[in-house]
Every structure is written in C-alpha cells, then in structure tokens.
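As the structure lists them, so they are numbered: ligands from 1, and atoms in each ligand from 1. These numbers come from the heavy atoms of this one structure, side chains and all, not from hydrogens, waters or symmetry mates.
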Amino acid sequence: MNDVIILGIESSCDETSVSIVKNGCTEIATVVLSQMDTHANYGGVVPEIASRMHVENITIVIEECLRKANLTMEDITAIAVTYGPGLIGSLLVGVVAASTLAYIYQKPLVPVHHIAGHIYANNLERKMEFPLIALVVSGGHTDLIYMKENYSFEKIGGTLDDAVGEAYDKVARVADIPYPGGPLVDKISHEGKDVYPLPLPLDDDTYNFSFSGLKSAVINLVHNEEQRGNTICKEDLACSFQSRVVEILSKKTMRALKEYGVNHLIVAGGVAANSGIREKLKELCEQEGVELTFPSMKYCTDNAAMIATAGYFAYQLGRRAGYDLKAKATDPLN
Ligand code: KG4
Ligand code: ZN
C-alpha cells in the first residue's frame, strides 16, 4: 500500500503552523511560528494583528516545512486544513493558502475541525483504540466526547459558559499573573497551598461543566482581600483554583468512563499540558485500569501535526472540500 502523506495547515488562532505527517502516525516535519510575544504586549490575542501576521508568514512556513521534510508538493497526497472553529480572519488565511495549493497542484483538499485535530494529536503518541472517551480542554472548549470508532464524535457533555483555558487566563489576569496565564498559574500552583475556600463548580450528575462561577469566586476573593488591605498569595490562589478544576474534570471524566464501559481515555487541547490534570488522571486511571494517553507537550497547544494526523483519517473516510471551502468561526464537531 502506498504511503499517504498529508500536508496540514493550522492558523485558527495565533500560531501559523504547517506539518507533514505520514499515514496518520509519523511526523515527518512540523513548523510552528508562534505570535505569542507580539500578543503578550496586549495581554491577549488581538485578532486583526493575528490575521495580518498569518498573511505575512504562511508562505514562508509552508516552504520551510517542505524544506525541512526534504519533500516537494509532488510528494504530497492531500492537503488538510483547519476550517474552524477559531478566529475568522486567522482561519481565512490558512483556508485560502490550502485551497490555492490544492488547486495549483491538483491535490485533494480535506477540511479538519480544530478539535478533531486536538483529539488526533494523541495518535502521534500511540494508536488510538476505540471505543474511547476524549476529554477536550482548551482555550475555547471543555468537552467530554465518546468516540465509538474513528472519526465518530458524540458529545456527552460540555461547558455551559467559559472554557477551562479561558478561566485560567481570566484568573491569571485578575491575579496580575502575566500572559500567557494558563501555564504560569499551573507552574506557581505547585508553590502554594489549597487554602482559599473556592467552590467546586457544577458538581452534579451531568457531564457538563461551568467555570464562570469559579472564576467569579476568584474575582470576588481578590477584590474583598484588596478592600481589607490584605495582599492575596498568588501561589495559594493558583493552587486553590487548580485543585477545584482538576477535581471536577477528573471526577466527571472517571464517571463517564465507568458509565460508558470504556477503558481508554485520551486528553486533548492546550490545557492537556496542565501538570495537575496529568498527575491526577494518571493516578486515577492506574487505579481503575484505564489506558490513558496525553499528547506530548509540543502537540498540546495549536500545531499543524495534529491537523495533518486528523486529516489522514478524514481523507481515508473520503471527506473532501471544494476549492471554495469556507472558514467557520463556530461549527459543531462531527
Ligand atoms: O488548545 P489551545 O492552544 O488553543 C485553543 O484551541 O483554545 O489552548 C490554549 C489554552 C490557553 O487558554 C492556555 O492558557 C491554556 O490552553 N494552557 C494551560 C496550560 N498550557 C496552556 N492551561 C493550564 N495549564 C497549562 N499548563
Ligand atoms: Zn486549539
């Protein structure tokens, strides 16, 4: 059987990334150009700046990736691209670049949902075994997804308000922890103690999550302490916040595994890099005999290797887009 070589393009937020992956499991080359330093000056991603920088960099990143892989476009079987969800101006750059390349070189164009990409990042670690439960935790998503087989996504629960990464970033901002908030809150949480009485959010028998109440509790705590003339201990705040997040995510995830009779768990998205979540799920999965996979750290946050990997499975299932593929800021995973 001939190798299937997918060139993936990801530009949904503030990373311009291109990757070439063979047969949905072997990374040949990946280039990720992060705009983080630029956006750090503004305390968050500025959409107009992000799309402008994608325009400036996309061609360079495509050429660099092919050069790194020592391949030409003739060697590529198909082009996979993130069409959504994400920042519309950013997505458009990747979609236009991918459809132009596909048209010029007459290659199939494969549309990939950004979250499918995050999930399939796990296939670069170990072959995904079905059925499985995917816990998707990123800046825009917090979902529990049941996958009966390849490319079948049944959402069994999700956040009713803020995504977990978004809550991390907002808590960081209110506690005056610099951008990017999530990784820093995680880092300093290990230097603190769980002393602040924060609520365990949406501790019910659904698979849904809610982080806005926990976020508001942090904001109120910081303001009340300020009014009393007390200084908040950032490390203790980070530790208390992270403890609640880890507890509720792991509690609902472990219950889903039991109720669905599944013993494979994968974790996906930027917050899959979180050390508290990694440690707790590792401990619980070992206890319960559940096989647990995390993407390696470099594939947790946005990258095109995950898009090329998901693209391989979408390609095998015959998913194709026309050269008029539209970017979508929001779109359900299916
Ligand atoms: O998946 P991603 O790169 O972008 C989206 O698709 O949303 O995730 C980015 C999110 C940000 O909110 C960032 O603060 C968070 O992931 N994040 C973390 C950690 N590393 C990244 N949150 C908590 N702990 C971390 N170690
Ligand atoms: Zn992402």
Side-chain angles (χ1 to χ4, degrees), residues 8-17 19 32-36 39-40 43-45 47 50 81-88 90-91 94 112-122 134-143 158-159 162-175 177-191 209 211 214-215 218 237-239 241-246 248-250 266-281 294-307 309-310 328-331 333:
I9 299 182
E10 156 65 36
S11 70
S12 66
C13 190
D14 61 340
E15 269 95 17
T16 318
S17 182
S19 177
V32 182
L33 194 88
S34 172
Q35 307 172 357
M36 195 156 74
H39 297 292
V45 178
V81 64
T82 308
Y83 70 90
L87 300 171
I88 192 71
S90 292
L91 287 163
V112 174
H113 191 284
H114 184 73
I115 296 303
H118 275 302
I119 289 173
Y120 276 90
N122 284 281
L135 170 65
V136 179
V137 276
S138 74
H141 288 80
T142 309
D143 294 326
T159 183
D162 291 359
V164 66
E166 191 183 353
Y168 263 94
D169 296 338
K170 284 183 185 160
V171 163
R173 205 166 305 158
V174 75
I177 295 166
Y179 177 85
L184 282 177
V185 171
D186 181 15
K187 186 160 175 262
I188 66 168
S189 72
H190 296 282
E191 294 152 27
F209 300 99
F211 293 102
L214 178 59
K215 176 194 71 187
V218 170
L237 182 67
C239 179
F241 171 74
Q242 181 146 312
S243 301
R244 287 327 159 272
V245 168
V246 169
I248 198 65
L249 286 176
S250 53
I266 62 170
V267 188
V271 189
N274 185 272
S275 61
I277 294 173
R278 285 182 174 245
E279 282 158 25
K280 186 71 184 173
L281 285 177
F294 280 97
S296 71
M297 293 303 246
K298 66 177 173 181
Y299 298 136
C300 283
T301 41
D302 294 346
N303 66 84
M306 67 187 200
I307 302 303
T309 305
K328 288 188 179 168
T330 57
D331 200 41
L333 173 62

Distance from [atom] to nearest protein heavy atom, with residue and atom:
| atom | answer |
| --- | --- |
| atom 15 (C) of ligand 1 | Val271 CG2, 3.8 Å |
| atom 24 (N) of ligand 1 | Asn274 ND2, 2.9 Å |
| atom 2 (P) of ligand 1 | Asp302 OD1, 3.5 Å |
| atom 26 (N) of ligand 1 | Asp186 OD2, 2.9 Å |
| atom 5 (C) of ligand 1 | Gly139 N, 3.7 Å |
| atom 11 (C) of ligand 1 | Asp169 OD2, 3.5 Å |
| atom 19 (C) of ligand 1 | Pro183 N, 3.7 Å |
| atom 22 (N) of ligand 1 | Gly182 CA, 3.6 Å |

In terms of side-chain heavy atoms, does [X] have a donor or acceptor partner in [Y] at a distance below 3.5 Å?
| X | Y | result |
| --- | --- | --- |
| Asp331 | His114 | no |
| Ser275 | His190 | yes |
| Gln242 | Asp186 | yes |

Quick one: does [X] get within less than 4.0 Å of ligand 1, heavy atoms only?
| X | result |
| --- | --- |
| Glu15 | no |
| Gly140 | yes |
| Pro180 | no |

N/O to N/O below 3.5 Å, does that happen between Gly165 and ligand 1? yes

What part of His114 sits under 4.0 Å from ligand 1 if we count only heavy atoms: the side chain, the backbone, both or neither? side chain

Rounded to 10°, how big is the angle at the Zn ion (ligand 2) from His118 NE2 to Asp302 OD1? 100°

When you measure from the Zn ion (ligand 2) to the N, O or S atoms of His141, does any of those distances fall below 2.8 Å? no

Assess Cys13: does it contribute an N, O or S atom lying under 2.8 Å from the Zn ion (ligand 2)? no

For Glu10 and Ser12, run side chain to side chain donor-acceptor pair (under 3.5 Å): C-alpha distance rounded to whole Å, both residues' side-chain angles, the deciding distance at 0.1 Å, then the answer. CA-CA 6 Å; Glu10 156 65 36; Ser12 66; 2.6 Å; yes

Heavy-atom closest contact (Gly94 atom, Ser11 atom, distance):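 Closest heavy-atom pair between Gly94 and Ser11: N-OG, 3.1 Å.
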
Which heavy-atom pair separates Val246 from Asn274 by the least distance, and what is that distance?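 Heavy atoms of Val246 and Asn274 come nearest at CG2-OD1, 4.3 Å.
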
Quick one: which of Ala167, Gly270, Gly44 has a heavy atom closest to atom 21 (C) of ligand 1?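 Shortest heavy-atom distance from atom 21 (C) of ligand 1: Gly270.
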
Got a second to check how far Ser189's OG is from Leu237's CG, nearest 0.5 Å?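 The OG atom of Ser189 sits 10.5 Å away from the CG atom of Leu237.
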
How long is the straight-line distance from NE2 of His113 back to OH of Tyr83, given to the nearest 0.5 Å? 5.0 Å

Among Val267, Thr309, Ile266, which residue meets the side chain to side chain contact (heavy atoms under 4.5 Å, CB included) test with Asn122? Ile266

Tell me whether the guanidinium CZ or amine NZ of Arg173 lies under 6.0 angstrom from the six-membered ring centre of Tyr179 and within 45° of its axis. no

Please determine whether the number of non-hydrogen atoms from other residues, nucleotides or ligands lying under 6.0 Å from atom NZ of Lys280 exceeds 12.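 At most 12 heavy atoms, drawn from other residues, nucleotides or ligands, come within 6.0 Å of this atom.
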
